[in-house]
Amino acid sequence: MQISSVGGMGLLDSLLGADGRKSFKRKDSDAGEAGKALEELRGSLYNELRTSEGAKRQQQRFCGPVVAMTFNFFVAVGIILTNKLVMGRVGFNFPIFLTLLHYAVSWLLLAIFKTLSWLPVSPPAKTTPSSSIFLLGAIMAFASGLANTSLKYNSVGFYQMAKIAVTPTIVLAEFVLFRKTISFKKVLALGAVSAGVAVATVTDLQFNAFGACIALAWIVPSAINKILWSSLQQQANWTALALMWKTTPITIFFLLALMPWLDPPGVLLFKWDINNSCAILSSALLGFLLQWSGALALGATSATSHVVLGQFKTCVILVGGYILLDSDPGLVSLSGAVFAVAGMSVYTSLNLKESKDGSNKQIPVQTPVSKTKTSENGSEDSTAIKTTNDV
């Protein structure tokens, strides 16, 4: 057997010749180098995701403000239509329990991601107090639960009017907590958006005492929720998925506590057939995407920009329904929607301009600094280049 093997190798060498042997060795070497480079790339990417700073850099790289807000916009429109189906045609009138199902499915998916090592690493515990995580989880339960309850008991117009109050609440809270101010031009743009949304939805105002109390109770948790999500991601190296994994169990606990107070009885008597269950499950999956996309948008922009985006969705749906579906909300509502979209455009352009100016300030600027060289033969002055960062 050994002689036969040697003879076979000799026959192969004689057929290939010296050039053939060199070609095979070169190809093997190239394949080995390509495989080694691919392995190094995978290893570096894996190590990048194993740190909170690296995971945050990857999130910022692949999901900038435009991508995050576009993702959030389309998911929000999809879940609005799905929840209308669930609460309307399906008749599932349990808003807190529906919110609970959203977060339960989110937690299950995040657990699967963690098992598969797809979940980004959280920052060290010492960088973020546990009280901040607990507060965010609790606030999120009230913000999400009360939002769905308000949508159940109020008309869409009154619901949107309540959302207008979130914008000044966020501006005031950020000033009190972080001494953050906004320019006068932005104030005018936000005023135009709020006024436009108010005019667009004024024809759909239906007052309900209990619904009004729920809407008022929802304003402050909603504002604080957006501020905390934005600040923790931008200042403490949290990614959206890592922060969702930490806060979702706390949110579920508080939603369970809210159910007996705000949901009507009879959830166990609901007809859980295949069609109804699939519709509710679709809403829950979209709820996970909505939470994820909202967290990405808050991490990439700001709390104020995110709430203005929410008002922009309403106006786009109203104008789109008029153009595509032949709906007729009335000239007053359409005028208000167009005015709000114009205000949103101005606000966005101001944000982009500020971001561009901020980026330009971080670019190193070369400034010439004269330095005289003295030598025995009297050489001429030379110019040294000094690099400065304008922070």
Side-chain angles (χ1 to χ4, degrees), residues 51-61 63-69 71-72 103 106 110 120-144 146-147 163 165-183 186-187 190 218-251 254 290-310 347-348 350-352 354-355 358-359 362 391:
T51 63
S52 59
E53 295 85 357
K56 180 64 183 298
R57 284 194 296 269
Q58 292 300 319
Q59 177 176 300
Q60 292 174 336
R61 177 184 176 186
C63 196
V66 176
V67 175
M69 297 189 78
F71 180 30
N72 183 242
Y103 283 97
S106 297
L110 291 170
V121 175
S122 303
K126 61 182 181 181
T127 62
T128 305
S130 57
S131 58
S132 299
I133 301 297
F134 182 83
L135 178 62
L136 178 56
I139 290 292
M140 193 158 48
F142 285 93
S144 302
L146 292 176
K163 286 180 69 174
V166 176
T167 305
T169 304
I170 288 177
V171 173
L172 178 61
E174 287 185 330
F175 175 75
V176 173
L177 297 175
F178 307 111
R179 297 300 175 189
K180 182 178 179 181
T181 59
I182 62 175
S183 65
K186 279 191 175 183
V187 172
L190 291 175
W218 165 76
I219 292 173
V220 173
S222 177
I224 297 177
N225 177 55
K226 295 178 186 298
I227 292 172
L228 289 176
W229 270 101
S230 182
S231 61
L232 284 176
Q233 287 187 84
Q234 294 181 7
Q235 299 175 13
N237 286 328
W238 282 91
T239 60
L241 289 176
L243 197 53
M244 287 168 61
W245 172 249
K246 291 291 185 180
T247 57
T248 300
I250 303 170
T251 304
F254 279 94
L290 181 66
Q291 185 187 0
W292 185 24
S293 63
L296 289 172
L298 286 167
T301 57
S302 65
T304 307
S305 298
H306 188 256
V307 74
V308 171
L309 176 65
Y347 178 80
T348 303
L350 291 173
N351 271 343
L352 293 176
E354 287 186 1
S355 299
S359 299
Q362 299 298 326
V391 180

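The basis for the numbers below is simple: all heavy atoms, side chains too, and nothing from hydrogens, waters or symmetry mates.
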Requested in this report: To the nearest 0.5 angstrom, please state how far the CG atom of Leu298 sits from the OG atom of Ser293.
Outcome: 9.5 Å
Can you list everything that forms a side-chain contact (heavy atoms from CB on, under 4.5 Å) with [X]? Sequence neighbours excluded, please.
X: Thr248; result: Tyr103, Trp107, Leu110, Met244, Ile252, Gln291
X: Thr128; result: Ser132, Ile133, Leu232, Ala236, Trp238
X: Pro168; result: none
X: Ala240; result: Gln59, Gln233, Trp292, Ala295, Leu296

How would you list, by chain and number, every residue that makes a ring-ring contact (aromatic ring centres under 6.0 Å, His included) with [X], sequence neighbours excluded?
X: Phe175; value: none
X: Phe142; value: none
X: Trp218; value: Tyr159

Query raised in the report: Closest heavy-atom contact between Ala300 and Gln234?
Result: C-NE2, 4.4 Å
Query - Heavy-atom pair of closest approach, residues Ala242 and Pro120 - result: CB-O, 3.8 Å
Requested in this report: Return the set of residues passing side-chain hydrogen bond (donor to acceptor under 3.5 Å, both in side chains) with Gln235 (not counting sequence neighbours), or none when no residue passes.
Outcome: none
Requested in this report: Check for a donor-acceptor pair, side chain of Thr251 on one end and backbone N or O of Met140 on the other, with a separation under 3.5 Å.
Outcome: no
Kindly list each side-chain donor-acceptor pair under 3.5 angstrom involving residues 219-226, sequence neighbours excluded, with atom names and distances?
{"from": "Asn225", "atom 1": "OD1", "to": "Trp229", "atom 2": "NE1", "distance (Å)": "3.2"}
{"from": "Lys226", "atom 1": "NZ", "to": "His306", "atom 2": "ND1", "distance (Å)": "2.9"}

